[in-house]
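Some notes on the structure that comes next.
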Amino acid sequence: MTAVELLHLQQKGELTAQTIAEAFLSAVQQREPTLRSFLWMDSEDVLRQAAAVDAKRRAGQPLGALAGVPVAIKDVLCTKGVRTTCASKILANFIPPYDAHVIERLKAADAILFGKTNMDEFAMGSSTENSAFQQTRNPWDSTRIPGGSSGGSAAAVAGCQTPLALGTDTGGSIRQPAALCGIVGLKPTYGRVSRYGLIAYASSLDQIGPFAHDVTDCALLLQVIAGHDARDSTSAPLPVPDYRAELENPVRPLRIGIPREFFDKGLDPEVESLVRQALREYEKLGATLIDVSLPHSPYALAAYYIVAPAEASSNLARYDGMHYGHRTSQKSDLIGTYAKSRGEGFGKEVQRRIMIGTYVLSSGYKDAYYRKALKVRRLIKQDYDHAFQECDVLMGPTSPTAAFRIGEKVNDPLAMYLSDVYTVGCNLAGLPGLSIPCGFTREGLPVGLQLIGPPFSEEKLLRIARMYEKVTDWHTRRPPLISAKPNPA
Ligand code: GLN
């Protein structure tokens with residue numbers, strides 16, 4: 001069931017938060033041996049939270065917008081008193097003394113905090129294979145990756161272990177796993193959601209956003225987490241629109257820009273044909289398709305893989321075994337202790353990024369690499385600005401392929417990085433991006449359609465996505481593993 005259905009049935013008195021929590025806990029228990037979406041789940045705490053919501057309802061007290069609805073949390077978000085690891089050995093025993101802003105918001109909305117989900121270590125990756133702890137599997141085919149880095153959150157929603165989840169997107173980590181798992185994922189405009197309590201990967205790119213089965217649930221969760229927070233200096237002091245007020249109203253006229261560069265070589269033909277079918281659906285709804293160009297997009301990945309590691313190398317400097325995190329038990333001097341602690345605590349990909357980042361920021365190379373990448377970033381932003389003078393939204397594939405096999409790309413970082421070719425531009429330009437399911441390959445793997453809008457256009461993006469959802473049923477499909485459906489009623 002969707003969050004909206006769960007809220008409705010509680011209002012009608014047909015379900016309690018308790019029965020909902022029990023049903024999802026049993027779904028977790030049943031499917032976790034296959035999916036391995038969660039790094040942490042405290043079922044007693046979940047049931048306590050649910051009982052508190054039911055008590056509030058019985059006492060006639062006002063209830064929040066997500067009362068009794070489970071929301072799984074990517075393990076990069078700080079949860080007070082609950083282990084938060086970033087799927088890294090270096091933080092294996094970190095228990096935050098405070099909640100991230102979004103967690104405070106969820107608590108205030110009476111949501112049920114439903115476990116911490118697996119991810120690529122420090123959100124670096126596109127397959128969740130970089131987790132130091134376990135391999136999450138795609139609910140549509142357990143021999144395949146769920147996407148990454150928020151693969152645990154995406155698999156948990158697609159596998160109906162939770163109706164909602166939070167992820168983070170630095171270069172595509174919400175949209176790409178959403179696409180590969182056949183669900184809806186939204187990366188908000190940079191500044192829309194406070195990053196307070198989000199363990200930083202690349203601070204100028206990171207954003208927190210929702211995973212859901214459909215656009216309405218996505219709007220519901222965004223509503224709860226969006227808005228200004230003085231503790232994040234990049235949080236935008238702008239009012240938050242009511243995302244559901246106009247959701248059912250189609251955007252007319254609708255001009256859809258189709259970036260030529262998004263349909264270039266490298267795009268899987270089956271993915272292309274499903275995306276083009278979706279575009280034809282929009283044409284039938286009266287939209288005009290406009291050919292546009294984002295001329296600098298061929299440089300987006302290169303710029304991203306300089307800017308993101310540069311920021312990561314700086315952000316991850318704090319984990320030195322002294323101030324934070326794992327400390328080696330090998331005897332050594334100060335520098336040796338730093339090096340050994342970091343060598344033991346960080347996985348291979350994280351070490352690779354720290355080395356790239358340190359290199360591109362070092363004196364003598366910073367102008368050639370880091371500063372150049374910042375200039376390219378500006379040009380990429382300008383491409384989008386120009387495109388949005390002609391159209392309301394850009395559409396294309398979220399990912400160049402459907403879910404690949406576990407192990408297929410682990411030894412080829414460049415092939416792995418190419419998974420982000422259509423998503424990183426959005427982060428470099430700070431724009432909102434949404435992925436919605438738009439069909440299945442012949443092998444039964446989900447494919448995502450990506451919608452990109454101007455800054456703070458989430459309301460419109462969701463409306464545009466909803467237009468498509470109303471004339472298709474992809475969002476109602478559930479993977480075969482759900483057939484033994486635990487029914488909360
Ligand atoms: N796959 C990209 C990376 O490895 C994006 C990750 C993300 O968005 N967190 O950096």
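Just follow the structure's listing: the first ligand is 1, and inside any ligand the first atom is 1.
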Anything under 3.5 Å between an N or O on ligand 1 and a protein N or O? List each pair with its distance, or write none.
| from | atom 1 | to | atom 2 | distance (Å) |
| --- | --- | --- | --- | --- |
| ligand 1 | 1 (N) | Gly125 | O | 2.9 |
| ligand 1 | 1 (N) | Ser126 | OG | 2.9 |
| ligand 1 | 1 (N) | Asp420 | OD1 | 3.3 |
| ligand 1 | 1 (N) | Asp420 | OD2 | 2.8 |
| ligand 1 | 4 (O) | Gly125 | N | 2.8 |
| ligand 1 | 4 (O) | Tyr305 | OH | 3.3 |
| ligand 1 | 4 (O) | Arg353 | NH1 | 3.2 |
| ligand 1 | 4 (O) | Arg353 | NH2 | 2.8 |
| ligand 1 | 8 (O) | Thr170 | N | 2.7 |
| ligand 1 | 8 (O) | Gly171 | N | 2.6 |
| ligand 1 | 8 (O) | Gly172 | N | 3.2 |
| ligand 1 | 8 (O) | Ser173 | N | 3.0 |
| ligand 1 | 8 (O) | Ser173 | OG | 2.7 |
| ligand 1 | 9 (N) | Ala123 | O | 2.9 |
| ligand 1 | 9 (N) | Ser149 | OG | 3.4 |
| ligand 1 | 9 (N) | Thr170 | OG1 | 3.4 |
| ligand 1 | 9 (N) | Ser173 | OG | 2.8 |
| ligand 1 | 10 (O) | Tyr201 | OH | 2.6 |
| ligand 1 | 10 (O) | Tyr304 | OH | 2.6 |
| ligand 1 | 10 (O) | Arg353 | NH1 | 2.9 |

(message) Please determine whether a side-chain nitrogen of the Lys or Arg among Glu349 and Arg353 lies less than 4.0 Å from a carboxylate oxygen of the Asp or Glu.
(response) yes

(request) With Lys409 as the cation and Phe404 as the aromatic partner, state whether NZ or CZ is under 6.0 Å from the six-membered ring centre and within 45° of the axis. (result) yes

(request) Please determine if Lys80 and Asp99 form a salt bridge, counting it only when a charged side-chain N lies under 4.0 Å from a carboxylate O. (result) no

(message) Could you work out, with ring pair (Phe, Tyr, Trp, His ring centres under 6.0 Å) as the rule, every residue matching Tyr384, not counting sequence neighbours?
(response) none

(message) Nearest 0.5 angstrom please: Tyr338 OH to Arg327 CZ, how far?
(response) 10.0 Å

(request) Would you give the length of the straight line joining atom CZ of Phe94 to atom SG of Cys78, rounded to the nearest 0.5 angstrom? (result) 4.5 Å

